[in-house]
Amino acid sequence: MVRTRFAPSPTGYLHVGGARTALFNWLFSKRERGKFILRIEDTDLERSTREYERSITESMKWLGLTWDEGPDVGGEHGPYRQSERKEKGIYDEYAEKLVGMRKAVYVVYDKDDREKELLETFEYPESYIQSGHDVTIRFKMPRRLKIEFHDLAKGDMEFSSDDVGDFIIMKSNGFPTYNFAVVVDDHLMEVTHIFRGDDHLSNTPKQIAIYRSFGWELPTFMHIPLILGRDRSPLSKRHGATAVDHFREEGYLPEGLLNYLALLGWRVVEGKEIFNVFENVEDFDTSLISNKNVIFDYEKLEWVNGKHLRMIEIENLCYRFTEYLSYLNMNDLREVVEKDKIYSMEVLNICREKVNTMKQLVDISIPFFVESYDYEERYIEDYLKKEFSTSILKRAIEKFSENEDWSVEGCERVMRNLAAEKIASKKKTFQLIRGAILGKLVTPGLFISLSVLGKGKVLRRLERTLELARSVR
RNA sequence: GCCCCCAUCGUCUAGCGGUCUAGGACACUGGCCUUUCAAGCCAGAGGCAGGGGUUCGAAUCCCCUUGGGGGCGCCA
């Protein structure tokens with residue numbers, strides 16, 4: 001059975017690189033009907049926090065990358081936090097085994113100069129520990145050894161053990177180091193496939209050496225390219241936001257982000273760029289992933305997201321919209337949206353044609369939901385303050401009061417009649433009305449907006465705007 | 001410094017020795033639609049890092065150079 005894992009260290013938020021790594025592991029386990037494990041690598045006491053761990057798991061759940069085994073859901077191979085595994089003495093046990101096999105040694109350090117090594121010994125340095133000396137365990141890399149392994153992306157790899165050298169596996173504080181803990185855990189958790197960032201490629205020989213020392217079977221490795229910023233340096237805050245949480249806040253859809261992340265460094269099958277990773281699990285193929293570092297393109301991400309925004313079922317979009325509003329704590333607006341679902345769906349449906357993210361969707365749709373919408377400064381200056389504003393608004397109120405046909409065509413007829421009166425140019429007339437009913441100069445189509453708002457709202461808004469026009473002129 | 005990975009438009013990618021005057025997508029430019037535009041449609045500009053080989057023939061294979069990235073922690 002295939003078992004993959006994502007093993008973040010809770011020293012920061014889940015960033016897009018991590019999300020992509022998680023996605024590949026997740027996708028592979030799903031396609032192979034295997035299991036996906038979440039393991040928290042919190043062996044760095046200084047930097048790991050529960051808060052970050054919570055944030056990472058929250059982001060993963062939001063993305064929909066759920067796990068079969070992990071710290072919260074448990075599983076047969078727990079615990080799933082390395083700090084807890086350390087408490088159980090798992091790493092001590094295996095490190096001591098290595099010492100027993102003479103493949104690792106205790107290193108005792110000078111009490112006063114903690115950098116200075118006093119001695120190496122295969123015997124447990126009881127007395128030194130009693131007297132307060134720092135002790136670590138160091139893996140002794142065999143000399144002149146070829147370390148070979150196959151990488152799904154890079155092919156056959158060969159390193160010389162002499163280029164790798166010895167390395168510490170147990171710190172003086174009793175915690176394992178990364179290169180040791182991953183091996184022990186991946187083996188104990190029966191992980192079969194490891195998809196991880198390219199940056200771990202050079203670490204792999206160390207890990208292979210440990211696997212070999214224990215006589216453990218090697219998992220399959222695939223080192224995937226890193227995500228870089230515009231200037232080809234590793235993607236960081238400097239290039240813009242990288243946290244998954246940020247994209248959530250900005251109104252990206254999980255399927256949009258995931259689609260883009262999959263697309264990044266991916267061979268597109270038959271030109272199909274827009275797809276839902278959840279619905280195309282079977283298409284996941286490791287040979288589709290290119291092994292070249294890629295640059296994160298915020299603009300393409302937005303484009304991809306826009307496609308999804310316009311693609312999903314309107315009912316689903318409406319639901320997601322309310323979820324987003326509560327995420328932003330815009331609960332008043334959420335209530336309004338939920339009160340009349342039919343109306344809300346109509347509004348969102350015409351608004352989504354114009355935008356790419358949920359955030360933009362909120363901005364453009366707000367005036368449809370609240371009566372106290374604001375007027376754009378430019379609208380007031382260029383239209384309301386002009387001499388034609390009051391007379392056109394007055395005529396519009398008269399015409400719309402008499403209007404019985406509030407279909408899109410009906411509203412168009414009224415507008416065209418109004419423009420035909422030539423109080424101002426067609427464009428000015430239309431824009432004046434647009435701003436009057438929505439406060440903005442960029443909105444969905446005018447006729448359909450009028451139709452969706454309906455008689456009551458339109459008249460109320462025209463009256464309100466007329467009053468404002470009188471006061472500003 | 002040592003070890004490793006990578007190299008097609010600005011970006012992501014197709015290409016796996018001839019079908020390449022190198023195809024697609026985002027972005028860009030122009031046009032169309034039009035009541036607005038951040039949506040849609042159409043068109044255009046833009047690339048095989050450089051140098052050696054191999055071959056009848058190279059974007060495709062080999063070598064070197066250059067460039068970019070990674071690792072060499074009691075970080076992960």
Side-chain angles (χ1 to χ4, degrees), chain A residues 7-12 41-44 46-48 82 107 109 114-115 134-138 151 153-155 157-160 162-165 167-179 181-182 196-206 223 225-226 228 230-234 260 263-274 288 290-304 306-307 309-310 350-357 360 363-364 379 412 415-416 419 425-435 438 440-447 449:
Chain A
S9 67
T11 54
E41 309 218 322
D42 54 351
T43 52
D44 184 345
E46 311 282 296
R47 300 191 299 146
S48 300
Q82 289 185 329
V107 181
Y109 299 81
R114 291 169 174 264
E115 305 282 289
D134 277 354
V135 174
T136 65
I137 298 179
R138 185 158 59 202
D151 186 279
K154 314 293 180 193
M157 299 294 305
E158 186 186 303
F159 288 84
S160 162
D162 295 335
D163 289 327
V164 180
F167 57 97
I168 288 170
I169 57 175
M170 292 298 283
K171 309 179 201 174
S172 56
N173 66 2
F175 277 80
T177 59
Y178 164 76
N179 282 117
V182 243
R196 50 156 59 148
D198 241 353
D199 50 341
H200 289 292
L201 190 59
S202 304
N203 281 320
T204 311
K206 290 180 185 170
H223 288 91
L226 264 20
L228 309 178
R230 272 249 161 250
D231 58 358
R232 298 212 158 269
S233 67
Y260 176 68
L263 211 57
L264 197 58
W266 192 280
R267 295 168 60 194
V268 177
V269 185
E270 289 160 24
K272 203 177 161 215
E273 286 202 297
I274 303 300
L288 255 36
S290 78
N291 51 359
K292 168 185 141 188
N293 289 169
V294 289
I295 292 171
F296 196 81
D297 185 345
Y298 290 85
E299 286 168 329
K300 185 141 188 179
L301 166 63
E302 191 180 316
W303 176 78
V304 169
K307 288 285 184 189
L309 199 72
R310 270 164 248 125
I350 63 172
C351 287
R352 68 166 162 179
E353 296 301 324
K354 304 281 170 184
V355 301
N356 290 325
T357 67
Q360 295 164 359
D363 288 341
I364 199 167
Y379 173 67
E412 174 167 3
M415 281 310 301
R416 295 214 182 275
S425 71
K426 186 162 81 176
K427 178 176 172 177
K428 281 176 180 159
T429 307
F430 282 24
Q431 286 296 75
L432 179 76
I433 300 301
R434 181 193 308 282
L438 294 166
K440 296 175 192 294
L441 291 172
V442 174
T443 73
L446 180 55
F447 313 141
S449 296

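FYI, side chains are in, hydrogens and waters are out, and symmetry mates aren't considered; it's all heavy atoms of this structure. Below, chain A is the first sequence line, B the second, and so on; all start at residue 1.
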Checklist entry - In the strands shown, is B/rA7 matched to any nucleotide by a Watson-Crick or G-U wobble pair with both distances under 3.5 Å, and which? => result B/rU66

Check nucleotides 61-69 of chain B for protein N or O atoms closer than 3.5 Å to its own N or O atoms and list the pairs.
unit_1 : atom_1 : unit_2   : atom_2 : d
B/rG69 : O2'    : A/Asn293 : OD1    : 3.0

Checklist entry - Which whole number of Å gives the distance between the C1' atom of B/rC2 and that of B/rC20? => result 42 Å

Checklist entry - Mind checking the C1' distance from B/rC3 to B/rU11? Whole angstroms is fine. => result 30 Å

Between the protein and nucleotides 25-31 of chain B, which nitrogen or oxygen pairs are less than 3.5 angstrom apart?
unit_1 : atom_1 : unit_2   : atom_2 : d
B/rA25 : O4'    : A/Glu273 : OE1    : 3.4
B/rA25 : O2'    : A/Glu273 : OE1    : 2.4
B/rA25 : O2'    : A/Lys300 : NZ     : 2.9
B/rA25 : N3     : A/Lys300 : NZ     : 3.3
B/rC26 : O2'    : A/Lys300 : N      : 3.4

Checklist entry - Is there a donor-acceptor contact under 3.5 Å from the side chain of A/Asn291 to the main chain of A/Pro225? => result no

Item to check | Distance between C1' atoms of B/rG18 and B/rA58 (Å, rounded) | outcome: 9 Å

Next on the checklist: By the 4.0 Å heavy-atom rule, please label A/Arg416 as base, sugar-phosphate, or nothing.
Outcome noted: sugar-phosphate

Item to check | Partners passing ring pair (Phe, Tyr, Trp, His ring centres under 6.0 Å) against A/Phe159 (at least two apart in sequence or in another chain) | outcome: none

Next on the checklist: What is the separation between atom CG on A/Asn291 and atom C1' on B/rG70, rounded to the nearest whole Å?
Outcome noted: 14 Å

Checklist entry - Quick one: ring pair (Phe, Tyr, Trp, His ring centres under 6.0 Å) partners of A/Phe430, sequence neighbours excluded? => result A/Phe447

Next on the checklist: What's the gap between B/rC64 and B/rC4 when it is taken at their P atoms, as a whole Å value?
Outcome noted: 12 Å

Next on the checklist: Under 4.0 Å, counting only non-hydrogen atoms across every strand here, what does A/Phe159 touch: a base, just sugar-phosphate, or nothing?
Outcome noted: sugar-phosphate

Item to check | From CA spacing to verdict: side chain to side chain contact (heavy atoms under 4.5 Å, CB included), A/Gln360, A/Leu309 | outcome: CA-CA 11 Å; A/Gln360 295 164 359; A/Leu309 199 72; over 6 Å; no

Checklist entry - What interatomic distance, in whole Å, is found between P of B/rU21 and the corresponding atom of B/rC62? => result 23 Å

Next on the checklist: Rounded to whole Å, how long is the line connecting atom CZ of A/Arg230 with atom P of B/rU11?
Outcome noted: 8 Å

Checklist entry - How would you list, by chain and number, every residue that makes a salt bridge (charged side-chain N to carboxylate O under 4.0 Å, His left out) with A/Arg196, sequence neighbours excluded? => result none

Next on the checklist: A/Ser425: which residues meet the side chain to side chain donor-acceptor pair (under 3.5 Å) condition with it, sequence neighbours left out?
Outcome noted: none

Next on the checklist: The criterion is side chain to side chain donor-acceptor pair (under 3.5 Å); which residues satisfy it with A/Ser449, sequence neighbours excluded?
Outcome noted: none

Checklist outcome for this item: The nucleotide from B/rU8, B/rC4, B/rA39 with an atom nearest the side chain of A/Glu353 is B/rA39

Checklist entry - CD of A/Gln431 versus P of B/rU36: gap in Å, rounded? => result 7 Å

Checklist entry - Is A/Arg310 reaching over with its side chain to a backbone N or O of A/Val355, donor-acceptor style, under 3.5 angstrom? => result yes

Checklist entry - With sequence neighbours excluded, what pairs up with A/Val135 under the side chain to side chain contact (heavy atoms under 4.5 Å, CB included) test? => result A/Tyr106, A/Val108, A/Pro125, A/Ile129

Item to check | Who pairs with B/rC2 - Watson-Crick or G-U, where each distance is under 3.5 Å | outcome: B/rG71

Checklist entry - When the C1' atoms of B/rG52 and B/rU13 are considered, how many whole Å apart are they? => result 29 Å

Checklist entry - Just checking A/Leu201: base, sugar-phosphate only, or nothing, at a heavy-atom cut-off of under 4.0 Å? => result sugar-phosphate

Checklist entry - Separation of A/Ile350 atom CD1 from B/rU36 atom P, in whole Å? => result 17 Å

Next on the checklist: Regarding A/Ile295, tell me which of base, sugar-phosphate or nothing describes its non-hydrogen contacts under 4.0 Å with the strands shown.
Outcome noted: sugar-phosphate

Item to check | Distance, rounded to the nearest Å, where A/Arg310 contributes CZ and B/rG40 contributes C1' | outcome: 9 Å

Checklist outcome for this item: side chain to side chain contact (heavy atoms under 4.5 Å, CB included) filter on A/Asp134, not counting sequence neighbours, yields A/Tyr109, A/Arg114, A/Ser172

Checklist entry - Of all residues at least two apart in sequence or in a different chain, which pass the side chain to side chain donor-acceptor pair (under 3.5 Å) check with A/Glu412? => result A/Arg416

Item to check | Pairwise P distance, B/rC33 and B/rC41 [rounded to whole Å] | outcome: 16 Å

Item to check | N or O in side chain of A/Lys354 less than 4.0 angstrom from B/rG40 OP1/OP2 | outcome: no

Checklist entry - Which base, if any, makes a Watson-Crick or G-U wobble pair with B/rC28, both distances under 3.5 Å? => result B/rG44

Checklist outcome for this item: Separation of B/rC12 atom C1' from A/Tyr298 atom OH, nearest Å, is 15 Å

Checklist entry - Who are the side chain to side chain donor-acceptor pair (under 3.5 Å) partners of A/Glu46, not counting sequence neighbours? => result none

Next on the checklist: Return whichever of A/Ile364 or A/Val294 has its heavy-atom-nearest nucleotide of RNA chain B closer to the 5' end.
Outcome noted: A/Val294

Checklist entry - If each of A/Tyr260 and A/Phe447 is mapped to the nucleotide of RNA chain B with the nearest heavy atom, which maps nearer the 5' terminus, i.e. the 5' end? => result A/Tyr260

Checklist outcome for this item: With sugar-phosphate taken as primed atoms, P, OP1 and OP2 and all else as base, the protein-contact string of nucleotides 71-76 of chain B at under 4.0 Å (heavy atoms; B, S, -) is SS-BBB

Checklist entry - Is A/Gln431 reaching over with its side chain to a backbone N or O of A/Lys427, donor-acceptor style, under 3.5 angstrom? => result no

Checklist entry - Is there a Watson-Crick or G-U wobble partner for B/rC37 with both distances under 3.5 Å, and which nucleotide is it? => result none

Item to check | Distance between C1' atoms of B/rG68 and B/rG10 (Å, rounded) | outcome: 16 Å

Checklist entry - Distance-only, no hydrogens or angles: does the A/Tyr178 side chain make a donor-acceptor pair with backbone N or O of A/Thr43 under 3.5 Å? => result no

Checklist entry - What nucleotide, of B/rC12, B/rC5, B/rA39, holds the atom closest to the side chain of A/Lys154? => result B/rC5

Next on the checklist: Just to be sure I understand the rule, does A/Gly445 reach a base, reach only the sugar-phosphate, or reach nothing, if contact means heavy atoms closer than 4.0 Å?
Outcome noted: base

Checklist outcome for this item: Rounded to whole Å, the CG-P distance (A/Leu432 to B/rU36) equals 15 Å

